[in-house]
**Student:** 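The following block contains the structure, expressed as structure tokens.
We name chains A, B, ... by the order of the sequence lines, and we start the count at 1 in each one. Because only heavy atoms are used, hydrogens play no part in the values below, and waters and symmetry mates are left out as well, while side chains stay in. What you see is a predicted model, and the numbers here were worked out from it, not measured in a lab.
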Amino acid sequence: MPNIKLPDGKKLNFKSKVTGFQIAEKISKSLSKEALVISVDGNLKDLNYEIDKDCSIKIYTSKDKEGLETIRHDTAHILAMAVQEIFPGTQVTIGPVIENGFYYDFARKEPFTEEDLRKIEKKMLEIVDRDEPTHREVWKRDKAVEHFKKAGEIYKAEIIRDIPKEEEVSVYFHGKWHDLCRGPHLMSTGKIGKYFKLMKVSGAYWRGDSNNEMLQRIYGTSWSSQKELDEYLIRIEEAEKRDHRKLGKEMDLFHFREESPGSVFWHEKGWNLFQKLISYMRAKQDAAGYKEVNTPEILDRSLWEKSGHWEKFGANMYTSTTPDEKVFAIKPMNCPGCVQIFNQGLKSYRDLPLKMSEFGKVHRYEPSGSLHGLLRVRAFTQDDAHIFCTEDQITEECLSVTNLILEIYKDLGFENVILKYSDRPEIRVGEDKVWDKSEKALLQAIKASKLEYSINQGEGAFYGPKIEFVLRDAIGRDWQCGTLQVDLNLPERLGASFVDKDGTKKVPVMLHRALFGSLERFIGILIENYAGKLPFWLAPLQIIVIPVSSEFDEYAKEINRKIKSNGIISEVDLKNHNLNYKIRDHSLSKIPILLICGKKEVDSNTVTIRRLDSKKQENMDIDLFLKKHLALSKAPSN
RNA sequence: GCCCUUGUAGCUCAGCUGGUAGAGCAAUUGAUUUGUAAUCAAUAGGUCCGCGGUUCGAAUCCGUGCGGGGGCACCA
């Protein structure tokens with residue numbers, strides 16, 4: 001007789017076997033209405049799963065992650081069901097739950113269109129109304145394979161073959177329609193509610209392998225209330241409004257064009273922002289003891305062969321043949337060039353750690369389909385540095401890199417940073433002893449940073465372990481930016497050495513690190529994070545002076561001159577438009593501060609300040625204004 | 001690279017089933033001299049992404065190339 005333990009510790013006793021739904025009914029009527037799935041000793045099960053022995057359970061509703069995910073999983077099934085009702089002959093494959101929704105991959109010759117999606121949605125609503133009951137059957141493997149093969153579902157048959165021997169092959173029925181599935185599922189199709197929407201169709205490789213055929217994937221979202229669905233759709237719209245490609249055009253920062261896909265044409269304002277970031281970082285790195293260098297963009301093939309890039313990275317490299325038939329590569333990374341600087345002249349242990357930074361522009365031939373605005377380009381500038389040091393110095397150097405990165409992110413408005421740590425991969429170079437040392441050093445640095453971190457086991461580079469710095473933006477999206485890698489390989493390959501205390505030559509350890517990763521990408525992230533409303537010091541155009549009418553042009557020009565002479569980027573707007581027009585115009589182009597000058601201001605030698613997104617007007621003496629804003633207009637410094 | 005989709009004025013877009021292009025904003029000029037998110041009017045502005053084909057005739061249909069978008073794969 002099952003003795004059921006509830007999450008609050010209470011126990012319920014049943015005379016015979018009992019289902020989750022019956023337990024919910026026993027607890028309360030409202031719970032029985034809201035219950036979606038149950039966990040039995042930690043395993044998620046259907047509500048009508050029969051319990052016949054003692055166990056502890058928890059019943060989930062749509063308020064729980066488990067409940068919502070089950071709703072989404074069921075919505076995916078109902079999607080597949082609807083598709084097969086409308087388009088017979090379409091094969092189903094897999095349909096998992098993902099963040100905010102689900103997808104289902106189908107095999108069908110004709111592409112699904114936008115109208116098809118609306119048709120399918122309608123059919124899905126019908127299926128919800130039909131409220132088809134769910135039931136689960138466990139089939140013998142052979143029978144299942146046979147059945148799905150006969151039904152023309154070759155993908156399903158293939159999936160069954162790959163289910164581990166010890167697992168049951170379960171088939172879920174929603175009415176007559178059925179699908180191979182691990183479950184659990186809701187008790188009937190009516191339970192999912194009507195708060196779903198099909199979002200888009202796309203291609204997706206069978207089993208995620210680009211050697212396989214391409215299936216059609218339908219993405220959908222599903223929630224437990226209309227309110228949640230609406231909020232989600234609004235969130236998507238908000239994210240679209242922040243799109244850096246759109247804002248970059250509106251703010252006149254940069255553009256792309258056909259002649260050079262994936263390469264940025266930086267306009268004056270965008271380049272100003274770019275240069276500001278660089279000079280900010282120069283100052284930071286200078287203070288941290290880095291020496292800035294610069295290496296050639298084009299280097300002979302032989303160097304890339306020696307470094308291993310030719311073999312390992314060749315598919316992504318641009319090459320160039322000169323009129324005399326020599327082959328060069330346009331650098332996809334700065335490291336080999338930097339090692340060559342290290343190699344020039346004799347280095348002593350006294351020179352270590354030697355930190356060389358480089359704002360190096362690299363070119364990589366990225367697959368056309370992966371290009372995405374500033375976030376994924378073919379030509380970009382790394383805020384790169386290579387630290388040559390001894391094994392004993394690894395920990396300290398890693399820690400100082402981590403601190404530098406955090407400091408810089410904070411200055412740019414990102415306080416929320418997490419780390420991803422990747423340790424030794426299967427295929428690697430170097431002795432385990434050295435790996436032990438470098439992994440330990442990196443981990444120590446991570447722990448000292450007190451940041452949240454995750455471990456990606458075996459994901460390190462073949463030459464050493466690495467940390468990736470992930471920052472979370474204003475609307476909760478994660479962006480991988482900085483990276484820190486320990487390299488025990490390249491210095492040796494390229495013959496780097498230093499003279500140690502004992503007079504023998506030793507190979508230095510090299511740390512690769514980038515703070516933002518790519519300046520281009522980071523600017524994209526900055527724009528999206530701030531929705532284009534950059535902090536005052538980063539704004540490419542910081543102030544616009546607006547005369548109320550042309551009568552005050554001279555005064556406005558004078559104010560503008562004064563501001564500019566203080567090194568603040570300012571313009572005066574003398575166009576023949578009224579004040580309202582100009583305020584709207586410059587607000588839309590996200591100018592942080594507008595200074596209005598009219599009779600009142602001329603008479604009192606003041607300006608009236610209007611800040612972006614604030615209707616508050618603030619009248620101030622011009623010298624006081626400058627005093628208050630001068631420091632704010634420059635990069636933060638410590 | 002692969003699947004789907006898309007390419008018309010500086011920008012955002014309209015242009016039904018083929019008959020050599022249109023709006024709003026921006027620009028220019030003029031009027032207006034404006035006090036916190038669009039003053040009025042006039043003017044100018046286009047190899048309809050490139051190439052090839054079908055047709056008496058192509059922005060429109062077909063093929064192909066290039067670019068953009070959404071995904072997949074890739075992301076040292």
**Student:** Answer with yes or no whether Tyr103(A) presents, from its side chain, a donor or acceptor under 3.5 Å of a partner atom in the base of G71(B).
**Tutor:** no
**Student:** What N/O pairs connect the protein and nucleotides 30-34 of chain B at under 3.5 Å? Give each pair on its own line.
**Tutor:**
unit_1 : atom_1 : unit_2    : atom_2 : d
A31(B) : N6     : Asn576(A) : ND2    : 3.2
U32(B) : N3     : Asn576(A) : OD1    : 3.0
U32(B) : N3     : Asn576(A) : ND2    : 3.2
U32(B) : O4     : Asn576(A) : OD1    : 2.9
U32(B) : O4     : Asn576(A) : ND2    : 2.0
U33(B) : O2     : Ser550(A) : N      : 2.9
U33(B) : O2     : Ser550(A) : OG     : 3.1
U33(B) : N3     : Ser550(A) : OG     : 2.8
U34(B) : O4     : Asn576(A) : OD1    : 2.8

**Student:** Under the 3.5 angstrom rule, does the side chain of Lys590(A) hit a backbone N or O of Leu588(A) as a donor-acceptor pair?
**Tutor:** yes
**Student:** When the distance from CD of Glu99(A) to P of G71(B) is rounded to whole Å, what number comes out?
**Tutor:** 13 Å
**Student:** Name the residue closer to the 5' end of RNA chain B, choosing between Gly208(A) and His309(A) according to the nucleotide with the nearest heavy atom.
**Tutor:** Gly208(A)
**Student:** Output the single nucleotide from G71(B), C75(B), A37(B) whose closest atom is nearest the side chain of Tyr219(A).
**Tutor:** G71(B)
**Student:** Quick one: on RNA chain B, does Met333(A) or Gly598(A) contact a more 5' nucleotide (nearest heavy atom)?
**Tutor:** Gly598(A)
**Student:** Verify the ring-centre separation between Phe112(A) and Phe106(A): is it less than 6.0 angstrom?
**Tutor:** yes
**Student:** Does G67(B) pair with anything, Watson-Crick or G-U wobble, both distances under 3.5 Å, and if so, with which nucleotide?
**Tutor:** U6(B)
**Student:** Counting distance alone, no hydrogens or angles: does the base of A37(B) have a donor or acceptor under 3.5 Å from a partner atom on the side chain of Arg610(A)?
**Tutor:** yes
**Student:** Could you tell me the separation between the CZ atom of Arg378(A) and the P atom of C74(B), rounded to a whole number of Å?
**Tutor:** 17 Å
**Student:** Starting at atom NZ of Lys582(A), determine the distance to atom P of A26(B), rounded to an integer number of angstrom.
**Tutor:** 14 Å
**Student:** Considering only the P atoms, how many Å lie between C40(B) and A58(B), rounded to the nearest integer?
**Tutor:** 41 Å
**Student:** Of all the nucleotides listed (G35(B), A26(B), C74(B)), which has the minimum atom distance to the side chain of Thr608(A)?
**Tutor:** G35(B)
**Student:** May I have all residue pairs that pass salt bridge (charged side-chain N to carboxylate O under 4.0 Å, His left out) and include part of residues 87-97 of chain A, sequence neighbours excluded?
**Tutor:** none
**Student:** Give a yes or no on whether a donor-acceptor pair under 3.5 Å exists between the nucleobase atoms of C74(B), that is its base, and the side chain of Arg376(A).
**Tutor:** yes
**Student:** Grab the CD-P distance between Glu366(A) and C74(B) for me, whole Å please.
**Tutor:** 13 Å
**Student:** Which nucleotide sits closest to the side chain of His372(A): A37(B), G70(B), U36(B)?
**Tutor:** G70(B)
**Student:** Does any N or O donor sit under 3.5 Å from an N or O acceptor when you compare the side chain of Arg217(A) with the base of C72(B)?
**Tutor:** no
**Student:** Distance-only criterion, 3.5 Å: show the donor-acceptor pairs between side-chain atoms of residues 546-554 of chain A and protein atoms not counting sequence neighbours.
**Tutor:**
unit_1    : atom_1 : unit_2    : atom_2 : d
Ser549(A) : OG     : Glu551(A) : N      : 3.3
Glu554(A) : OE2    : Lys557(A) : NZ     : 3.2

**Student:** If we take the C1' atom in both U12(B) and G68(B), what is their distance in whole Å?
**Tutor:** 16 Å
**Student:** Would Arg72(A) and Phe102(A) count as a cation-pi pair here, with the cationic atom under 6.0 angstrom from the ring centre and within 45° of the axis?
**Tutor:** no
**Student:** Restricting to nitrogen or oxygen on both sides, can you table the protein-nucleotides 3-11 of chain B pairs closer than 3.5 Å?
**Tutor:**
unit_1 : atom_1 : unit_2    : atom_2 : d
C3(B)  : O2     : Gly203(A) : N      : 3.3

**Student:** Separation of Leu375(A) atom CG from G69(B) atom P, in whole Å?
**Tutor:** 11 Å
**Student:** If we take the C1' atom in both G45(B) and A26(B), what is their distance in whole Å?
**Tutor:** 11 Å
**Student:** Write out a two-atom table: protein N or O, nucleotide N or O from nucleotides 42-48 of chain B, distance below 3.5 Å.
**Tutor:**
none

**Student:** Can you check the Leu588(A) CG to C25(B) P distance for me, whole Å?
**Tutor:** 15 Å
**Student:** Does anything in residues 575-588 of chain A form a side chain to side chain donor-acceptor pair (under 3.5 Å)? List the pairs, not counting sequence neighbours.
**Tutor:** Asp573(A)-His586(A)
**Student:** Counting side-chain heavy atoms from CB outward, which of G1(B), A38(B), G68(B) is closest to Leu371(A)?
**Tutor:** G68(B)
**Student:** With rounding to the closest Å, how many angstrom separate the C1' atoms on U20(B) and C3(B)?
**Tutor:** 36 Å
**Student:** For G63(B) and G24(B), measure between their P atoms and round to the nearest Å.
**Tutor:** 36 Å
**Student:** Could you state the atom-to-atom distance from CD1 of Ile544(A) to P of U36(B) in whole Å?
**Tutor:** 19 Å
**Student:** Quick one: look up who C74(B) pairs with, Watson-Crick or G-U, both distances under 3.5 Å, and put none if it's unpaired.
**Tutor:** none
**Student:** If we take the P atom in both U6(B) and A14(B), what is their distance in whole Å?
**Tutor:** 12 Å
**Student:** If only side-chain N and O atoms of Lys200(A) are considered, is one of them under 4.0 Å from the OP1 or OP2 phosphate oxygen of G71(B)?
**Tutor:** yes
**Student:** May I ask you to establish whether Arg472(A) and Phe414(A) are in a cation-pi arrangement, using a distance under 6.0 Å from NZ or CZ to the six-membered ring centre and at most 45° from the ring axis?
**Tutor:** no
**Student:** When the distance from CG of Asp573(A) to P of A38(B) is rounded to whole Å, what number comes out?
**Tutor:** 15 Å
**Student:** Taking the side chain from Asp383(A) and the backbone from Gly517(A), do they hold a donor-acceptor pair closer than 3.5 Å?
**Tutor:** yes
**Student:** What does U20(B) pair with, Watson-Crick or G-U, if both distances are under 3.5 Å?
**Tutor:** none
**Student:** Using Watson-Crick or G-U wobble geometry with both distances below 3.5 Å, tell me the partner of U29(B), or none.
**Tutor:** A41(B)
**Student:** With heavy atoms under 4.0 Å as the rule, sort Glu618(A) into base, sugar-phosphate or nothing.
**Tutor:** nothing
